[in-house]
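As a basis for the values below, the full set of heavy atoms in this structure was taken, side chains included, without hydrogen atoms, waters or symmetry mates.
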Amino acid sequence: MTVSTSDRPALVAARLDDLVYARLATSPRPLAHAAVVAALRADAPPTCDALSWSTAIFEATARLQASGAVDARRQVEGGAPAAAKRLGGTGTPSWQRLHQRILPALALGIDADDTRAHDRLVGRDAWVAAIVGRARGVWTEGGPPSLGAVCDALVWQGLGLAGRPRRTPGEIRAHFLGQLLGAGGGAPERRAALLAAREVGAVRADVRALRDALVRRWLCGLRWPAAGTDSLASFAQRVHLALGRASAGPLGPRKVFIADVWRDAAFADLPLAAFKAQLLEAHRAGAVRLARADLVAAVEPALVHQSALPHLEATYHVIEKGQP
């Protein structure tokens with residue numbers, strides 16, 4: 001079951017219940033509805049406005065009370081250990097640990113009681129490596145990788161080389177990260193952080209913003225692509241099939257707004273930021289053709305804004321039908 005908001009992705013009701021339960025269980029005193037909403041505001045998907053989020057929290061609390069997990073005063077019998085158990089862990093974690101460590105790690109596929117993996121997620125570089133590794137399909141098993149290992153794997157991936165990646169110079173790492181970003185400069189660590197922020201839709205590339213974005217992914221049940229399951233060619237093919245299903249829009253039959261293509265069921269597993277990132281890669285490779293939308297006076301401003309894809313000196317809004 002999902003909780004619909006004004007746009008995709010939708011909240012997974014069971015996970016929203018878990019989040020509300022965790023906040024209530026780790027509070028030393030009963031929390032009013034407004035306090036719960038405020039405490040969890042950073043976890044709301046960007047497309048979920050304040051009223052929708054408040055309503056979703058209210059409905060989650062009601063479900064918890066109806067099931068007997070939460071009493072009439074919004075308290076949880078068993079406290080923090082009960083919250084840990086509900087999330088698959090043990091111990092007596094604080095709300096800070098649950099929210100800043102356990103829940104973001106769950107979004108990365110790390111079990112709540114995997115202390116060895118949690119211990120490796122210290123500092124921005126560690127979180128960046130885990131996010132980029134998952135998003136680009138170079139970390140599919142074992143514990144969280146180091147940032148250097150992820151950068152080297154991306155170089156190997158970009159060169160199409162087989163076997164275990166070897167250590168590469170910083171300039172080479174920066175070059176291949178720059179290719180994935182399409183823009184942005186600086187050291188490999190900075191480029192990797194920007195890439196991580198883009199992959200999860202974070203507004204900034206600091207640790208807090210990255211972890212908040214991971215919690216939002218977990219709430220929406222978004223999955224990471226498996227290694228090799230969505231190459232540039234297969235992504236482009238999905239785009240062209242979606243274009244074929246799209247009806248004529250405000251700019252005519254051959255131009256479809258990026259946001260409208262993203263809403264196709266074929267991309268239900270991708271947040272908009274990740275979709276745009278792959279779309280830009282496909283455009284740069286000549287697999288799809290992007291264009292500006294100059295005459296947009298009669299077009300819904302929200303559609304134009306959501307479709308905007310800046311790259312270097314240009315900003316694209318539409319995808320043109322037909323093979324490039």
| Whether over 12 other heavy atoms sit under 6.0 Å from Arg245 CZ | yes
| query | What's the verdict on side chain to side chain contact (heavy atoms under 4.5 Å, CB included) for Val288 and Phe235, showing C-alpha distance, side-chain angles and the deciding distance? | reply | CA-CA 10 Å; Val288 300; Phe235 173 80; 5.9 Å; no
| request: Return the minimal non-hydrogen interatomic distance between Leu106 and Ala112, and the atom names on each side. | output: CD2-N, 3.9 Å
| Would Arg167 and Asp152 pass as an ion pair if we require N to O under 4.0 Å? | no
| message | Using a 3.5 Å distance criterion without hydrogens, assess whether the side chain of Arg289 forms a donor-acceptor pair with backbone atoms of Glu320. | response | no
| Asp119 and Arg116: salt bridge (charged side-chain N to carboxylate O under 4.0 Å, His left out), yes or no, with the steps? | CA-CA 5 Å; Asp119 289 343; Arg116 178 175 296 182; over 6 Å; no
| query | Is it true that Asp18 and Arg15 have a side-chain N and a carboxylate O under 4.0 angstrom from each other? | reply | no
| said: Using the rule given for side chain to side chain contact (heavy atoms under 4.5 Å, CB included), can you reason through Tyr21 versus Leu87, listing the C-alpha separation, both sets of side-chain angles and the distance that settles it, and then say yes or no? | reply: CA-CA 10 Å; Tyr21 183 91; Leu87 294 171; over 6 Å; no
| message | Take a 6.0 Å sphere around CZ of Arg208 and say whether it holds more than 12 heavy atoms from other residues, nucleotides or ligands. | response | no
| query | With no hydrogens and no angle check, is any side-chain donor or acceptor of Arg101 less than 3.5 Å from a backbone partner on Leu121? | reply | yes
| message | Set out, in order, the CA-CA distance, both residues' side-chain angles and the distance that settles salt bridge (charged side-chain N to carboxylate O under 4.0 Å, His left out) for Asp206 and Arg204, then state yes or no. | response | CA-CA 6 Å; Asp206 58 69; Arg204 302 181 307 279; 2.6 Å; yes
| Under 4.5 Å between any side-chain heavy atoms of His317 and Val304, yes or no? | yes
| Joint hydrophobic cluster, Phe58 plus Leu40, side-chain heavy atoms closer than 4.5 Å | no
| Is a side-chain donor-acceptor pair under 3.5 Å present for Arg238 with Gln278? | no
| Would one find more than 12 heavy atoms of other residues, nucleotides or ligands at under 6.0 Å from atom CD of Glu281? | yes
| query | Is there a side-chain contact between Phe176 and Cys151 (heavy atoms, below 4.5 Å)? | reply | no
| Main-chain N/O of Ala126 paired with Arg120 side-chain donor or acceptor, under 3.5 Å | no
| query | Judged by modelled atom types alone, do Asp113 and Thr90 share a side-chain donor-acceptor pair under 3.5 Å? | reply | no
| message | side chain to side chain contact (heavy atoms under 4.5 Å, CB included) for Gln65 and Ser67? Distances and angles first, verdict last. | response | CA-CA 5 Å; Gln65 290 175 327; Ser67 69; over 6 Å; no
| said: Please determine whether salt bridge (charged side-chain N to carboxylate O under 4.0 Å, His left out) holds for the pair Asp43 and Arg216, giving the CA-CA distance in whole Å, both sets of side-chain angles, and the decisive distance to 0.1 Å. | reply: CA-CA 5 Å; Asp43 303 318; Arg216 291 192 290 271; 6.0 Å; no
| query | Does Arg86 use its side chain to pair, donor to acceptor, with the backbone of Ala22 at less than 3.5 Å? | reply | no
| said: Counting C-beta onward and ignoring hydrogens, is there a side-chain heavy-atom pair between Val12 and Leu219 closer than 4.5 Å? | reply: no
| field | Side-chain heavy-atom pair Trp156, Thr168 within 4.5 angstrom cut-off | value | yes
| Can you check whether Ala259's main-chain N or O pairs, donor with acceptor, with Ser307's side chain at less than 3.5 Å? | yes
| field | Heavy-atom donor-acceptor pair, Lys321 side chain to Ala246 backbone, under 3.5 Å | value | yes
| field | Main-chain N/O of Pro30 paired with Arg74 side-chain donor or acceptor, under 3.5 Å | value | no
| message | Assess the residue pair Glu199 and Arg136 against the criterion (side chain to side chain contact (heavy atoms under 4.5 Å, CB included)); give the C-alpha distance rounded to whole Å, side-chain angles, the decisive distance to 0.1 Å, and a yes or no. | response | CA-CA 9 Å; Glu199 294 289 1; Arg136 308 305 303 186; 3.0 Å; yes
| Only one of Leu195, Val138, Leu147 forms a side chain to side chain contact (heavy atoms under 4.5 Å, CB included) with Val132, so which one is it? | Leu195
| query | Is a side-chain N or O of Ser52 found less than 3.5 angstrom from the main chain of Cys48, in a donor-acceptor match? | reply | no
| Thr55 side chain to Leu51 backbone, donor-acceptor under 3.5 Å | yes
| request: Look only at the side chain of Thr26 and the backbone of Arg23, and say whether a donor-acceptor pair between them is shorter than 3.5 Å. | output: yes
| said: Suppose we call two aromatic rings close when their centres sit under 6.0 Å apart. Are Tyr316 and Phe257 close by that rule? | reply: no
| field | Sequence neighbours excluded, every pair satisfying ring-ring contact (aromatic ring centres under 6.0 Å, His included) that has a member inside residues 98-140 | value | Trp95-His99
